[in-house]
Amino acid sequence: MPNKKVTIYDIAKEAGISASQVSRAISGNGYVSDENKSKIMELVEKYNYRPSAVARNLKKGRSNSVGFLLPHVYQEYFPYLYQRFEEEMTANGYVTIVCNGRSWSGHEIRNLQMLEEMQVDAVVIIGGTLDQKNWEEFPDFIQAVKNISEKIPCVLGSDRAADLGCCGVYVDTAACVEELVAHLAEQGYRKMGILGGLSSVYPSEQLKWYLREAAAEYGMELRPQWQINSSYNSMDGAEAMKKLLQQEELPEVVCCINDEIAVGAMGVALDAGLKIPQDIAFTGYDGVWLGREFRPRLTTIQIDFNTMGHRLAEAVLGAMDGSREQTVISVAPWLEIRESTKA
């Protein structure tokens with residue numbers, strides 16, 4: 001049978017016995033005479049036959065696969081989180097199927113439909129449309145999440161997961177933001193700016209709200225012109241910093257919505273002849289490699305990617321084993337103080 005994928009039926013036909021006997025001989029479940037078993041195993045070896053793991057698992061009602069829908073793969077945050085999750089799921093015998101949603105609800109919906117058709121055992125959804133502040137503006141996506149969660153366990157990277165009938169895992173930043181602003185106040189900073197983040201994105205707006213509340217608590221000035229929205233990569237950070245430099249007076253410290261924004265902004269500040277942190281200080285959020293390698297190194301709120309990935313995997317495994325409780329688990333970050341805010 002050259003140039004043809006050998007099936008169980010080919011083995012059965014050549015051996016002159018039924019396909020069910022071949023299946024029993026290969027799986028070791030059920031009786032097959034020694035003579036027939038010998039024929040079967042010779043043919044299995046001859047054609048290097050391997051039974052389909054997918055078909056075998058689907059018969060058992062499991063595909064041993066899990067879908068992981070993220071918004072994009074070009075920033076460090078999401079690959080960091082996925083890596084820890086994937087390691088844990090692999091250790092538990094699962095294959096993870098990564099879907100790039102491109103932060104577009106139509107593409108995310110198609111990905112969810114594809115994962116359902118592939119009969120994955122569970123789905124994780126992180127970022128993208130899920131992070132939009134006003135879910136009512138994306139009814140098709142929200143309905144798609146509700147639909148799939150009724151059939152397949154879904155775990156969401158959101159503190160609003162229970163609103164969609166799902167389990168959730170999220171980063172609880174409130175206490176750490178207060179710790180960050182307390183550190184800035186101790187360093188003598190009294191004028192704060194905020195760079196980055198879109199007003200339509202819920203986690204960004206939440207982080208800004210925490211920063212404003214903490215700034216008020218510690219008596220720090222936060223002028224409207226020192227708060228500039230942008231998207232989330234270093235180029236956006238650079239453009240936001242250029243706008244900030246047009247102000248007659250600058251803040252003493254700039255809190256950036258993530259590390260990439262901070263690095264882009266710091267580069268522009270250095271190019272303009274400002275010294276960091278002597279003339280202006282910077283902080284970030286998420287704690288990716290970029291902020292550690294830039295000089296001066298970036299003070300940041302460090303997300304615990306290991307624990308976050310572990311909790312996501314734990315929630316998925318629990319949901320697949322029948323624990324469909326709508327639990328929402330928080331993971332605490334920590335403050336990483338580096339040279340960008342030290343006097």
Side-chain angles (χ1 to χ4, degrees), residues 70-84 101 103 126-128 130-133 157-159 170-174 176-181 183-184 192-212 214-215 226-244 251 253-269 276 280-305 308-309 331-341:
L70 44 72
H72 50 73
V73 295
Y74 58 82
Q75 285 180 302
E76 290 183 72
Y77 178 96
F78 296 105
Y80 272 33
L81 187 57
Y82 167 73
Q83 181 179 355
R84 182 66 182 95
S103 292
I126 301 289
L130 184 68
D131 278 351
Q132 289 296 310
K133 183 167 66 175
S158 172
D159 60 351
Y170 74 102
V171 180
D172 186 2
T173 59
C176 201
V177 168
E178 184 172 354
E179 185 182 356
L180 169 66
V181 177
H183 158 69
L184 297 177
M192 177 196 291
I194 301 175
L195 288 191
L198 301 173
S199 59
S200 60
V201 176
Y202 173 73
S204 297
E205 286 299 286
Q206 193 175 47
L207 178 56
K208 291 176 192 176
W209 188 86
Y210 290 146
L211 285 166
R212 293 180 188 121
W226 293 342
Q227 302 175 58
I228 300 174
N229 290 346
S230 77
S231 194
Y232 298 90
N233 60 48
S234 59
M235 292 181 289
D236 298 315
E239 291 303 313
M241 189 64 200
K242 289 174 184 176
K243 291 180 183 177
L244 184 62
V253 60
V254 178
C255 296
C256 299
I257 216 72
N258 68 12
D259 288 4
E260 289 205 29
I261 289 287
V263 167
M266 289 166 73
V268 169
I276 303 171
I280 190 167
F282 288 87
T283 73
Y285 177 91
D286 62 31
V288 297
W289 174 85
L290 195 61
R292 293 193 298 273
E293 294 303 308
F294 195 87
R295 293 296 183 273
R297 296 184 305 161
L298 179 66
T299 290
T300 192
I301 292 176
Q302 176 68 58
I303 291 175
D304 189 345
F305 289 106
M308 188 77 174
V331 176
W334 69 85
L335 179 60
E336 193 72 43
I337 298 173
R338 302 193 183 107
E339 292 82 3
S340 71
T341 59

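Interatomic distance, CG of N233 versus CD of E239, reported as 10.0 Å (0.5 Å rounding). The OG1 atom of T341 lies 3.0 Å from the NE2 atom of H183; values are rounded to the nearest 0.5 Å. To the nearest 0.5 angstrom, N229 atom CG is 5.5 Å from S199 atom OG. For the atom pair D304 CG and L81 CG, the distance stands at 10.5 Å (nearest 0.5 Å). If you take CG on L195 and OG1 on T283, they are separated by 9.5 Å, rounding to the nearest 0.5 Å. The line from SG of C256 to CG of L211 is 10.0 Å long, rounded to the nearest 0.5 Å.
Nearest heavy atom pair, residue G197 against residue S204, reads CA-OG, 3.9 Å. Here the shortest heavy-atom pairing between I280 and M241 reads CD1-CE, 3.9 Å. In terms of heavy-atom proximity, S103 sits nearest to G128 at OG-CA, 4.2 Å. For S231 against D236, the heavy-atom pair with the smallest separation is CB-OD2, 3.1 Å. Between I261 and S230, the shortest heavy-atom contact is CD1-OG, 3.4 Å.
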Could you walk me through whether W226 and M192 pass the side chain to side chain contact (heavy atoms under 4.5 Å, CB included) check?
CA-CA 7 Å; W226 293 342; M192 177 196 291; over 6 Å; no
Tell me, with the steps shown, if V201 and K133 meet side chain to side chain contact (heavy atoms under 4.5 Å, CB included).
CA-CA 5 Å; V201 176; K133 183 167 66 175; over 6 Å; no
Tell me, with the steps shown, if E76 and N258 meet side chain to side chain contact (heavy atoms under 4.5 Å, CB included).
CA-CA 11 Å; E76 290 183 72; N258 68 12; over 6 Å; no
Would F282 and V254 count as a side chain to side chain contact (heavy atoms under 4.5 Å, CB included) if you check the C-alpha gap in whole Å, the side-chain angles of each, and the deciding distance to 0.1 Å?
CA-CA 5 Å; F282 288 87; V254 178; 3.8 Å; yes
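For residues 285-296, no residue pair satisfies the side chain to side chain donor-acceptor pair (under 3.5 Å) rule, not counting sequence neighbours.
For the side-chain contact (heavy atoms from CB on, under 4.5 Å) test, residues two or more places apart in sequence or in another chain that qualify with Q227 are I194, R212, L222. Among residues two or more places apart in sequence or in another chain, the side-chain hydrogen bond (donor to acceptor under 3.5 Å, both in side chains) test is passed with W334 by E336.
At a threshold of 4.5 Å between non-hydrogen side-chain atoms, the residues M308 and I126 do not count as touching. Using a 4.5 Å cut-off on side-chain heavy atoms (C-beta onward), M266 and P296 make contact. Under the 4.5 Å side-chain criterion, counting only non-hydrogen atoms from C-beta, V171 is not in contact with P203. D159 places a side-chain heavy atom less than 4.5 Å from the side chain of Y202.
Test Y82, F305, Y232 against Y77 for ring-ring contact (aromatic ring centres under 6.0 Å, His included) and you get one pass: F305.
Panel note: side chain S340, backbone T299; a donor-acceptor pair is recorded below 3.5 Å. Remark: side-chain polar atoms of D259 are paired, donor with acceptor, to backbone N or O of G287 under 3.5 angstrom.
Counting heavy-atom neighbours within 6.0 Å of K243 NZ, excluding the residue itself, gives a total of 12 or less.
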